[in-house]
Every structure is written in C-alpha cells, then in structure tokens.
Amino acid sequence: MLSNKLYQLNDSNLSQVIASYTGGGDFSSPILIKDGYVYIGNKDDKFYQLNASDVSQVISFYTTGGDILSAPTSSGQYIYFGSADQFLYQVNASDVSQLIASVDLSGTVYNTLLIGNFLYAASNQNKTLYKLNASNISQIISTKYIGYPLKYLLYYNNYIYLISDNSYYGYRIDPSDLSILDSFNIGPDRVGGHPSINEDYLYISAGSKLYQLNATNFSQMVSQYTASSTTRGSVISGDYLYLSSDYDTYILNASNVSQLIDYSPIDGTVPGVIANGFFYLLSNNQKLFKFGRPISEDTVCLWYKNSTESSWKFGCTARNTTYLNGTQQDLDDFPVYWIGNSLKVGLIDKETYFNGSADSLIIWNRTLSSDEIYQLYRYPLIVSSDLTYILCSSSSNGYDFDAQIVSNGSDELDFYATINFSTEGSYSYNISAVDFVNHSTSTENRTVIFDLTAPLLSMSIPENNGLYGNITSITWGEGEHNVTIWANDSAGNVNSTTINFTIDLTSPIISILSPSQNYRTRNTREI
C-alpha cells in the first residue's frame with residue numbers, strides 16, 4: 001500500500017503520531033535510518049534526507065529523472081540508490097543534494113549490496129549484475145549477464161544470492177569472480193515476494209508457498225509451507241520466521257517452516273521489518289501492527305485441570321519442549337494460547353475454549369532447563385529477577401481471559417487479568433491460588449454486571465418549544481431558553497436530553513384609536 005505521507009510514531013504507543021512529512025508523490029522505497037537521518041525515495045522523483053527526530057524537517061533532497069523504488073544502501077559517507085530513470089546514484093550522506101557519481105545501468109535497481117570496496121547492483125530490465133567501485137560507482141569493474149529480470153540481492157557465507165522477480169529461478173554467484181554462477185529452480189510458482197536468508201537456509205516466497213532451501217546446496221528442498229493466499233515475503237527473528245500474505249500473517253519455525261507457531265488474520269502486502277525484538281507490519285487496511293515475540297521463546301507454566309479431572313496438573317512449555325508435572329512429555333488441553341501480543345488464559349487454541357480450571361500462570365523471559373522445571377514443580381517458588389508472574393482463575397467456563405503481564409521487580413508480584421465479556425448481563429468470577437503441594441485457597445465469588453445501555457431520561461416540564469408565563473421552581477428571565485439534563489449510571493453509561501422553551505412576562509398592549517376620548521356624536525359608531 002502506497003501513501004504520500006511518511007509518519008513518525010511513538011514506538012510505545014503506535015496511535016501517537018509524533019511528526020509526518022507529505023511528499024510530492026507516494027513513498028514507495030524502504031527506509032534507511034542512519035546517524036540521525038531518515039533516507040527514503042519517493043515517486044515524485046526525489047530522494048529525501050529527513051531529520052530522524054522530526055521527519056517533518058527536510059534536511060536535503062536529490063532529484064532524479066524517475067520514480068525511486070530502490071532500498072537505499074549506506075557505506076558510511078555515501079548513500080546509494082537506484083531510480084526508474086535506469087541510473088544508479090551515489091550521494092553525500094551528510095547532504096544528499098550533493099551528487100558524488102552516477103551510472104547508467106539501463107534498468108531499474110531495487111536494491112544493492114556493499115561488500116568490501118565494491119558495490120553490487122542488479123539491473124531488472126537488462127538482466128545483468130554489476131560490480132562497481134564503491135568510492136566512485138561510475139567505474140564499472142565487471143558485469144555478469146544473468147538472462148532473467150533481477151530484483152532481490154542477498155549476501156550470505158561469501159556468496160551473493162540473486163532472486164529473479166516473476167520467474168522460477170534463483171542464482172548464486174561468487175562476488176570475487178562473477179563468472180562463477182550457479183542456478184536453481186525454485187518451484188512451480190513464480191517468485192513474488194522478498195526472500196530472506198539465515199544461518200543455513202534460504203527462504204523464497206512464490207505463489208501461496210514459502211520454500212525453505214539449503215543455502216549451501218540449494219537444489220535441496222528442506223521444507224515448505226502453504227499459506228491461504230499469495231505470499232509477499234518473509235523476515236527472520238531468532239528461531240522464528242514471519243511470513244506475510246494477502247490475507248494472513250504467519251509465525252513459522254525457521255528450522256522447519258512446515259511447523260506453524262501462530263498466525264494472525266492481518267493481511268501483509270509487504271514483508272514487514274524486525275526492530276528491537278518486535279515485528280512491524282503495514283497492513284492493507286492502513287494500519288501499522290506491532291507483534292511481540294512468540295511465547296515459545298520464553299518458559300510458560302500453569303496449574304490446570306479439565307472438568308472431568310479431580311487432580312491438578314502442572315504444565316510447562318520451554319522453547320517448543322513441553323513438560324507435565326516436572327517431566328518432559330506431551331501436554332493435553334493446555335489452556336494457554338497467544339494471539340498476536342495478547343496472552344489468552346482459557347484457550348487451548350485460537351478457536352477452542354478450555355473446559356475446566358486454571359491457576360497460577362508463571363512466565364520467565366528465558367528458557368528454563370528441565371531440572372529447573374522439575375524443581376519448580378517439586379518445591380516452593382523462589383522469586384528471581386527474570387520472572388514474570390500472573391495469577392488468574394474463573395469459577396465458570398467459557399470466559400476469554402486477556403492476561404496482562406507485569407514484570408517482576410521485587411518480592412511483590414503484580415498481576416491482573418481482563419475478562420472480555422461479549423454480551424450484557426451478570427457474570428461471576430473468583431481468584432484462586434495453588435501452591436506446589438496442591439494446597440489451595442480462593443476468594444469468594446464476585447458478580448459483575450456488564451451494562452452497555454444508557455439510562456432512560458425524559459423531561460415532562462417544560463415541554464419542548466413550549467410557551468410559559470412563569471416557571472416557579474427556578475427563576476428564569478424573559479425570553480428564549482434551553483435546558484439540558486444529563487444522567488449517568490454506575491457503569492459509566494451516559495444519556496442526555498435537551499428542550500427549548502420561551503418565557504413571556506409582558507402583558508399585551510391594548511389601545512382604541514376611534515372614537516377618541518370624550519368624542520361626541522349623534523351617529524352610530526362601530527368599534
């Protein structure tokens with residue numbers, strides 16, 4: 001999705017806009033942030049340098065002869081970017097209006113790679129990879145004709161990976177010798193999204209599939225995942241891969257992408273970015289979403305029992321390994337589930353409610369060892385600085401608990417949980433605690449009335465648009481008046497009503513014009 005506005009948002013609260021800049025066309029290139037500046041291209045043919053602290057402030061810009069679609073690259077004192085005018089540009093990073101060098105590559109460049117003293121650029125139209133002098137890109141060192149349009153460049157383990165947009169092929173080339181080229185067939189679908197590479201794997205989006213290839217031997221297909229719609233690219237954070245598609249966003253196991261960790265019904269027409277441990281995605285509905293890391297990066301433990309069980313169970317998950325009562329084994333109907341950034345206590349999966357009781361949810365921001373989990377099951381909890389703790393329970397089934405995690409900073413553990421009611425009515429709940437030898441206590445049942453209806457309010461006097469000689473309860477002056485009365489109930493619902501009325505205190509004036517005072521006549525007069 002394109003827009004002519006660039007927004008600077010509060011990372012702690014994305015609804016707060018700190019500053020914005022309106023370009024002459026749509027902003028269509030990725031952003032580069034460096035040394036207090038934001039660098040971005042626009043479809044008004046300009047490459048902008050903005051103040052990163054206040055993007056409404058333009059530092060400088062450089063005007064090319066076409067739309068700027070490419071991702072900018074930095075080498076310290078220089079910024080490199082391509083334009084639809086088929087030129088590649090090198091500008092001063094401190095003042096992008098200063099051109100250092102340019103070169104005609106006879107095609108659009110979407111991204112570049114800086115390796116040592118050389119800049120590598122792929123021209124989409126003329127299907128050629130260029131090796132340029134990074135200090136002066138007008139000096140072409142060598143070229144390699146590939147034969148297919150080239151859009152994406154990746155560098156890993158001393159090789160450049162070239163992925164052709166809208167074709168079935170990818171390539172690997174030695175940057176020190178462009179004559180050494182290997183090609184591989186990706187699959188039955190044309191590549192349509194941004195690829196990613198991490199450790200030993202290359203991930204390529206094509207059609208509705210994500211392919212995981214062996215980066216060293218890319219003829220070897222490791223795994224694949226089929227999305228519900230066309231995939232738009234992927235990004236990697238640690239052990240997880242975020243995949244965007246036209247309808248949904250997926251979190252997959254980066255070591256085996258056939259394993260779905262979680263998903264969100266948010267369409268991602270762009271791959272998204274990873275920053276500060278969070279995944280940011282711009283959706284087609286004009287909203288920016290921020291996702292936290294999956295729960296399986298942490299350790300989660302909970303006491304629970306379903307409605308048919310008499311004994312409590314202690315379940316834990318630690319980086320995709322599950323434990324029951326302190327020993328490693330599969331968990332059945334474990335009532336903890338993440339949807340986006342929300343932790344749902346009482347859900348087994350995204351659609352199934354837990355039927356039973358659950359207490360004492362405990363979360364660590366690291367992966368506990370099997371011995372630590374066993375000790376946690378056998379002995380009382382010892383508070384530590386890496387612990388986050390939540391305690392919540394319900395006396396009834398079917399509630400959707402949205403538990404808010406509060407980091408532990410002392411021996412006092414703070415927690416709270418929100419029950420998401422769907423309809424008006426009366427609800428009962430309690431809070432329970434269970435220690436590690438199954439001693440338990442709980443509060444009394446409390447009732448909450450969920451009320452969305454505003455109080456009824458009517459005014460009998462004065463009537464709307466009424467005319468009155470006097471209103472005795474309040475002293476009013478003569479003329480037109482309006483009165484508004486508000487009412488609110490204990491749930492905070494508010495209603496109001498307004499009437500208009502007129503007060504007239506002046507007697508009517510009567511005068512006889514004819515006959516005049518003391519007038520005498522023999523004739524009959526009509527008045």
Side-chain angles (χ1 to χ4, degrees), residues 6 8 19 21 23-24 27-124 128-143 150-156 158-162 173 175-176 178 273-276:
L6 175 68
Q8 178 183 354
Y21 181 76
F27 286 104
S28 51
S29 81
I31 294 176
L32 172 65
I33 301 177
K34 171 182 168 60
D35 298 333
Y37 299 119
V38 171
Y39 302 93
I40 187 171
N42 192 282
K43 282 194 170 183
D44 62 3
D45 303 349
K46 290 183 174 64
F47 184 76
Y48 289 92
Q49 177 186 5
L50 308 174
N51 185 343
S53 300
D54 182 356
V55 297
S56 66
Q57 298 178 8
V58 179
I59 307 301
S60 62
F61 63 85
Y62 185 82
T63 304
T64 70
D67 298 342
I68 300 173
L69 308 173
S70 73
T73 301
S74 169
S75 68
Q77 58 182 319
Y78 303 124
I79 302 292
Y80 310 92
F81 63 91
S83 170
D85 63 6
Q86 302 190 356
F87 276 78
L88 182 67
Y89 293 88
Q90 176 185 3
V91 295
N92 187 336
S94 300
D95 182 356
V96 299
S97 66
Q98 298 178 11
L99 178 68
I100 305 301
S102 64
V103 58
D104 184 357
L105 299 185
S106 301
T108 302
V109 173
Y110 289 95
N111 71 314
T112 57
L113 286 176
L114 184 68
I115 305 174
N117 297 321
F118 302 103
L119 185 75
Y120 297 83
S123 174
N124 198 46
T128 300
L129 176 67
Y130 291 84
K131 182 178 182 180
L132 310 168
N133 183 345
S135 300
N136 184 350
I137 62 171
S138 65
Q139 299 176 9
I140 299 176
I141 307 301
S142 59
T143 64
L150 301 172
K151 189 170 185 179
Y152 305 111
L153 295 180
L154 300 169
Y155 182 65
Y156 171 72
N158 299 321
Y159 283 99
I160 295 176
Y161 292 81
L162 303 94
I173 197 166
S176 62
L178 298 190
V273 295
I274 299 290
N276 300 323

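For reference, positions follow the sequence shown, starting with 1.
Side-chain contact annotation: Thr108 with Asn124, donor-acceptor N/O pair under 3.5 Å absent. At a cut-off of 3.5 Å, with distance as the only test, a side-chain donor of Ser75 or Tyr80 sits close to an acceptor on the other residue.
Atom CD of Gln86 and atom OG of Ser123 lie 7.0 Å apart (nearest 0.5 Å). A distance of 11.5 Å separates CG in Asn136 from CG in Leu119, rounded to the nearest 0.5 Å. The distance from the CD atom of Gln90 to the CG atom of Leu99 is 8.0 Å, given to the nearest 0.5 Å. Between atom OH of residue Tyr120 and atom OH of residue Tyr130 there is a gap of 15.5 Å, rounded to the nearest 0.5 Å. Rounding to the nearest 0.5 angstrom, the gap separating the CZ atom in Phe118 from the OG atom in Ser142 is 8.5 Å. For the atom pair Leu105 CG and Ile137 CD1, the distance stands at 7.5 Å (nearest 0.5 Å).
The one candidate from Ile141, Thr112, Leu88 that meets the side chain to side chain contact (heavy atoms under 4.5 Å, CB included) condition with Leu132 is Leu88. When each of Tyr62, Phe27, Tyr37 is paired with Tyr48, the side chain to side chain contact (heavy atoms under 4.5 Å, CB included) condition holds for Phe27 and for no other.
A donor-acceptor pair is defined here as one N or O able to donate and one able to accept, closer than 3.5 Å; such a pair exists between the side chain of Asn111 and the backbone of Leu153. Of the possible donor and acceptor atoms, none in the side chain of Gln98 sits under 3.5 Å from a partner among the backbone N and O of Asn92. Judged by distance alone, with hydrogens and angles left aside, the side-chain atoms of Thr64 form a donor-acceptor pair with the main-chain N or O of Asp45 at under 3.5 Å. In terms of modelled atom types and a separation under 3.5 Å, the side chain of Gln57 and the main chain of Asn51 share no donor-acceptor contact.
Residues Lys34 and Gly76 come closest through the heavy atom pair CE-O, 3.2 Å. Residues Gly65 and Asp85 approach most closely at N-OD2, 2.9 Å, considering heavy atoms. Residues Val109 and Ala121 come closest through the heavy atom pair CG1-CB, 4.2 Å. Of all non-hydrogen atoms in Ser60 and Ser97, the two that sit nearest each other are OG-N, 3.8 Å. Considering all non-hydrogen atoms of both residues, Ser29 and Ile40 come closest at OG-CG1, 3.6 Å. When all heavy atoms of Pro30 and Pro72 are compared, the pair lying nearest together is O-CD, 3.4 Å.
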Test log, rule side chain to side chain contact (heavy atoms under 4.5 Å, CB included), inputs Lys43 and Leu69: CA-CA 8 Å; Lys43 282 194 170 183; Leu69 308 173; 4.0 Å; yes
Side chain to side chain contact (heavy atoms under 4.5 Å, CB included) evaluation trace for Phe47 with Tyr39: CA-CA 7 Å; Phe47 184 76; Tyr39 302 93; 3.6 Å; yes
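A tilted orientation is assigned to the rings of Tyr89 and Phe87, their planes being inclined by 30° to 60°.
The local environment of OH in Tyr78 is crowded, with over 12 non-hydrogen atoms from other residues, nucleotides or ligands closer than 6.0 Å.
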